[in-house]
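Notes for the one structure printed next.
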Amino acid sequence: MNTEKRVRVRFAPSPTGGLHLGGVRTVLYNYLYAKKHGGDFILRIEDTDQTRFVPGAEEYIFDCLKWCGLNPDESVRNEGPYGPYRQSERKEKYRLYAEELIAEGHAYYAFDTPEELDEMRRKYKNDENPQPQYDNKVRMRMKNSLTLSGEDVHELIRSNTPYVIRIKMPENETVSFNDMIRGEVSFNTSLVDDKVLLKADGMPTYHLAVVVDDHLMKISHAFRGEEWLPSAPVHILLWKYLFGLDKMPHWAHFPLILGPNGKLSKRDGLKYGFPVFAMNWTDSKTGELTEGFKEKGFLPEAFINLLALLGWNDGTEQEVFSIDELIEKFSMGRVHSAGAKFDYEKAKWFNHEWIKKLDAGSLKERVVEVLEAKNVKVQDEKLLLKVIELVKDRCTLLTDFYEQSAYFFKTPENIDLSPIQPKWNDKKNLFFIELLRNFELENSWEAHQLENSFKEIASVNDLKPGEVMLPLRIMLVGGKFGPHVFDIAALLGKAETIQRVKATLKVLEGA
RNA sequence: GCCGCGUUGGUCAAGGGGUUAAGACGCAUCCCUUUCACGGAUGAAUCACGGGUUCGAUUCCCGUACGCGGUACCA
């Protein structure tokens with residue numbers, strides 16, 4: 001195997017819809033590995049299935065990667081020397097290799113129609129073999145260049161009979177390779193089917209394309225999800241036949257990210273109320289919107305962090321990592337081999353940690369976005385920064401900034417009086433009238449000063465400060481939450497504070 | 001069915017022949033706080049099972065069970 005070549009890794013999604021958590025983690029591990037080793041991260045679009053073309057899906061993938069900060073070094077948007085980076089545009093390249101395999105006896109033409117394939121499956125299906133494969137046991141009974149005469153084959157091709165090219169899996173050989181995460185993995189070739197390499201429309205299947213492109217693009221390390229492990233022997237053999245095992249990239253198959261039942265799916269998200277895609281995705285056919293982590297209020301820093309730790313850790317107790325720390329500390333050897341169940345509670349914890357960790361300046365723009373989406377206008381940036389600093393500890397998702405800070409920028413529409421109304425009395429009313437008078441005379445308008453005079457007036461009125469602090473909070477905030485009341489009043493300013501107290505007092509008096 | 005990969009608290013997990021089997025999330029209780037959080041403390045909760053190997057297995061080997069993945073002219 002090539003050990004000294006420049007590190008080049010690739011993420012090869014098929015642009016068919018939303019970009020899944022597991023997909024982003026695959027991107028991340030590829031990216032981290034590339035950056036750690038000073039290599040290249042390539043994005044290759046696997047769009048060989050024309051029936052599954054989804055408009056906008058490719059752009060969406062770029063948007064997601066951009067949001068995550070995992071931009072490729074080479075892609076359809078940033079071509080390197082190994083383009084094109086879209087497989088549909090490389091169509092012509094694959095046939096040659098498929099023909100080469102046939103010439104060497106490693107593949108064959110197959111003319112079986114879909115109906116004939118169905119029939120074969122029906123015929124051989126039984127309890128012992130519920131899903132018959134097109135393999136060494138049946139290939140000699142099918143319509144292909146192994147069973148037909150050379151003349152017949154030529155004639156069929158000449159008459160434009162649709163055909164595919166299948167790999168001819170050897171019988172009873174052991175194919176093994178060394179997976180960077182799992183160690184040696186081996187397969188008996190008799191149990192693997194004769195996968196289609198080139199489809200009737202002339203497009204390659206994933207199996208051919210991945211090998212050819214990894215070779216042509218000089219990929220040094222091929223990383224992908226565990227769902228690909230069963231077809232690895234096909235890829236290994238293709239490497240052996242076409243380019244030589246010594247040129248083959250190093251492999252690693254990442255553990256799956258599981259949902260409550262099996263491989264995490266879009267459905268799980270819907271069912272259990274958490275996002276599965278990186279960003280919002282709208283199905284163009286059904287119009288169905290699937291919510292993304294971004295829109296749910298996740299920071300990309302946290303999203304990356306949580307994904308990195310789902311299947312990997314650095315062996316210490318550290319859990320919060322910046323992307324630079326991840327690049328520094330990542331190693332394939334510490335990636336788990338077992339699947340990890342996604343835990344949304346823990347995901348939120350990561351986000352909370354990142355909100356607490358980031359300073360107001362770095363949070364600013366994203367908070368403005370949240371507020372403006374809810375029609376809260378922010379004019380005063382200095383105020384905004386102070387507000388963020390004051391409330392960020394109590395925001396788990398970015399969207400929480402709305403509830404936690406909107407009242408600084410506009411008078412609350414709903415004042416929840418239920419916690420104070422039952423205990424409201426003349427004594428408290430008098431207190432607030434006096435407090436208001438005091439506020440009017442106050443010059444410094446600073447939290448400590450406000451608190452001191454508040455307590456003084458309370459004791460003069462024979463009230464415990466606690467009895468009137470909650471009412472003040474509700475008058476200013478609208479509910480039982482938020483930072484220290486006097487910090488709130490200080491930031492609200494004299495005029496606004498007085499106005500809010502007056503307004504609510506009026507309601508309470510009227511009741 | 002067959003093939004492959006897995007299996008440490010509910011979840012993420014460290015550890016890997018001798019440990020009181022870390023830590024985190026979540027949960028519970030308490031402290032702090034006259035709100036809600038943050039923070040701090042404490043607690044409940046784990047090596048799937050059976051055989052080996054060994055003086056000694058959670059750790060190594062083999063089975064079994066279970067889970068997941070694959071079994072398409074989809075990736």
Side-chain angles (χ1 to χ4, degrees), chain A residues 12-16 46-49 51-52 87 110 112-114 117 121 125-135 162-166 179 181-182 185-188 190-193 195-207 209-210 224-233 253 255-256 258 260-263 306 309-320 334 336-350 352-353 356 391-396 400 403-404 419 464-474 477 479-485 488:
Chain A
S14 73
T16 51
E46 306 241 350
D47 58 347
T48 52
D49 186 353
T51 64
R52 294 210 303 165
Q87 287 181 331
D112 315 273
T113 63
L117 289 175
R121 293 195 175 104
K125 180 172 174 169
N126 57 46
D127 287 350
E128 294 291 283
N129 186 13
Q131 288 167 94
Q133 306 187 113
Y134 198 123
D135 59 14
Y163 65 87
V164 301
I165 295 178
R166 287 179 181 270
D179 186 282
I181 295 168
R182 289 150 215 279
V185 181
S186 51
F187 302 82
N188 182 323
S190 289
L191 276 357
V192 182
D193 64 330
K195 294 258 184 268
V196 169
L197 266 20
L198 200 77
K199 301 187 259 190
D201 64 1
M203 281 286 191
T205 58
Y206 172 84
H207 307 293
V210 72
R224 65 217 319 188
E226 190 186 342
E227 68 269 30
W228 290 109
L229 204 45
S231 55
H253 291 86
L256 262 16
L258 278 2
N261 348 276
K263 199 161 88 164
L306 93 243
L309 272 280
L310 213 52
W312 171 89
N313 69 81
D314 76 341
T316 73
E317 288 181 8
Q318 185 175 353
E319 291 195 280
V320 177
R334 289 202 64 90
H336 273 234
S337 46
K341 204 172 281 184
F342 175 66
D343 180 1
Y344 187 50
E345 293 306 318
K346 183 92 187 219
K348 285 191 288 190
W349 175 82
F350 274 107
H352 194 187
E353 290 302 304
K356 286 189 289 179
V391 305
K392 70 191 179 102
D393 282 4
R394 56 203 83 205
C395 295
T396 297
D400 294 337
E403 186 189 33
Q404 293 296 337
K464 288 188 209 131
E467 293 180 85
V468 275
M469 221 179 268
L470 186 61
L472 176 62
R473 166 178 302 281
I474 295 210
V477 174
K480 270 175 79 168
F481 62 93
H484 291 295
V485 225
I488 296 171

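A, B, ... follow the sequence lines: proteins, then strands. Residue 1 opens every chain.
Between the P atom of A13(B) and the CG atom of Leu306(A) lies a distance of 12 Å, rounded to the nearest Å. The distance from atom CD of Gln318(A) to atom C1' of A14(B) is 14 Å, rounded to the nearest whole Å. Going from atom CG of Asp179(A) over to atom P of G69(B) covers 18 Å, rounded to whole Å.
By the side chain to side chain contact (heavy atoms under 4.5 Å, CB included) test, Ser190(A) pairs with Asn136(A), Glu171(A), Asn172(A), Asn188(A), sequence neighbours left out. For Ser337(A), there are no side chain to side chain donor-acceptor pair (under 3.5 Å) partners, not counting sequence neighbours. The salt bridge (Lys or Arg N to Asp or Glu O under 4.0 Å) check on Asp135(A) picks up Lys137(A), with sequence neighbours excluded. Listed by chain and residue number, nothing satisfies the side chain to side chain donor-acceptor pair (under 3.5 Å) test with Trp228(A) (two or more places apart in sequence, or in another chain). Applying the salt bridge (Lys or Arg N to Asp or Glu O under 4.0 Å) criterion to Lys348(A), with sequence neighbours excluded, gives Glu345(A). Taking the side chain to side chain donor-acceptor pair (under 3.5 Å) definition, one finds that Asp193(A) meets it with Lys195(A), sequence neighbours left out.
The shortest distance between side-chain heavy atoms of Pro114(A) and Leu117(A) does not fall below 4.5 Å. At a threshold of 4.5 Å between non-hydrogen side-chain atoms, the residues Val196(A) and Ile165(A) do not count as touching. Side-chain contact between Arg166(A) and Leu198(A): absent, with no pair of heavy atoms (C-beta onward) separated by less than 4.5 Å. Residues His352(A) and Cys395(A) are not in side-chain contact: their nearest non-hydrogen atoms beyond the backbone lie 4.5 Å or more apart. Considering only heavy atoms from C-beta on, Pro204(A) stays 4.5 Å or farther from Leu197(A) through its side chain. Between Leu256(A) and Glu227(A), some side-chain heavy-atom pair lies under the 4.5 Å cut-off. You'll find the side chain of Pro130(A) stays beyond 4.5 Å of the side chain of Arg121(A), heavy atoms only. Annotation: side chain of Leu306(A) is in contact with side chain of Phe342(A) (closest heavy-atom distance under 4.5 Å).
If you take atom P in C36(B) and the same atom in A28(B), they sit 15 Å apart, rounded to whole Å. For the P atoms, the distance linking G39(B) with A44(B) amounts to 22 Å, nearest Å. U20(B) and U58(B): their C1' atoms are spaced 15 Å apart (whole Å). C60(B) and G6(B) are spaced 12 Å apart, taking the P atom of each and rounding to whole Å. Remark: the separation of the C1' atoms in U42(B) and A13(B) is 22 Å, to the nearest Å. A41(B) and C5(B) are spaced 42 Å apart, taking the C1' atom of each and rounding to whole Å. Nucleotides G4(B) and U19(B), compared at atom C1', are 35 Å apart to the nearest Å. The gap from the P atom of A21(B) to that of C27(B) amounts to 27 Å, rounded to the nearest Å.
The residue Phe187(A) sits close only to the backbone: its heavy atoms come under 4.0 Å of sugar-phosphate atoms, none of a base. Backbone-only engagement by Gly311(A) is indicated by non-hydrogen atom pairs under 4.0 Å involving sugar-phosphate atoms exclusively. Gly262(A) comes within 4.0 angstrom of sugar-phosphate atoms only, judged by non-hydrogen atoms across all strands, and of no base.
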Listing time: all N or O pairs from protein to nucleotides 5-9 of chain B that are below 3.5 Å?
residue, atom, partner, partner atom, Å
C5(B), O2', Arg182(A), NH1, 2.5
C5(B), O2', Glu226(A), OE2, 3.1

Check nucleotides 31-34 of chain B against the protein and report each pair of N or O atoms closer than 3.5 Å, with its distance, or say if there are none.
residue, atom, partner, partner atom, Å
U34(B), N3, Gly466(A), N, 3.2
U34(B), O4, Pro465(A), N, 3.4
U34(B), O4, Gly466(A), N, 3.3

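In textbook terms, a nucleotide whose glycosidic angle is within 90° of 0 is syn, while C60(B), being further out, is anti.
Checking side-chain atoms of Arg394(A) against main-chain N and O of Asp400(A) turns up no donor-acceptor pair under 3.5 Å.
To the nearest 0.5 Å, atom CG of residue Leu310(A) and atom CZ of residue Phe350(A) are 8.5 Å apart.
Taking the side chain of Leu256(A) as heavy atoms from C-beta on, and the options G69(B), C2(B), G1(B), the nearest nucleotide is G69(B).
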Evaluation steps, side chain to side chain donor-acceptor pair (under 3.5 Å), between Asp49(A) and Tyr206(A): CA-CA 9 Å; Asp49(A) 186 353; Tyr206(A) 172 84; over 6 Å; no
Side chain to side chain donor-acceptor pair (under 3.5 Å) assessment of Arg224(A) paired with His253(A): CA-CA 5 Å; Arg224(A) 65 217 319 188; His253(A) 291 86; 3.0 Å; yes
Footprint string (nucleotides 70-75 of chain B, 5' to 3'): B base within contact, S backbone only, - free, heavy atoms under 4.0 Å: SB-BBB
Nucleotides 57-66 of chain B: protein proximity per nucleotide (B base, S sugar-phosphate only, - neither; heavy atom, under 4.0 Å): ----------
Heavy-atom protein contacts under 4.0 Å, nucleotides 20-30 of chain B, coded B base, S sugar-phosphate only, - none: --SSBB-----
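For Lys356(A), no side-chain nitrogen or oxygen approaches OP1 or OP2 of A37(B) to under 4.0 Å. At the phosphate of A14(B), OP1 or OP2 sits under 4.0 Å from a side-chain N or O atom of Asn313(A).
Stem list for RNA chain B (at least 3 consecutive Watson-Crick or G-U pairs, distances under 3.5 Å): B:1-7 with B:65-71, B:10-12 with B:23-25, B:27-31 with B:39-43, B:48-52 with B:60-64.
By the neighbour-count criterion of 12 heavy atoms within 6.0 Å, atom NZ of Lys356(A) is densely surrounded, having more than that number from other residues, nucleotides or ligands.
A salt bridge links Lys346(A) to Glu319(A): one of the charged nitrogens lies within less than 4.0 Å of a carboxylate oxygen.
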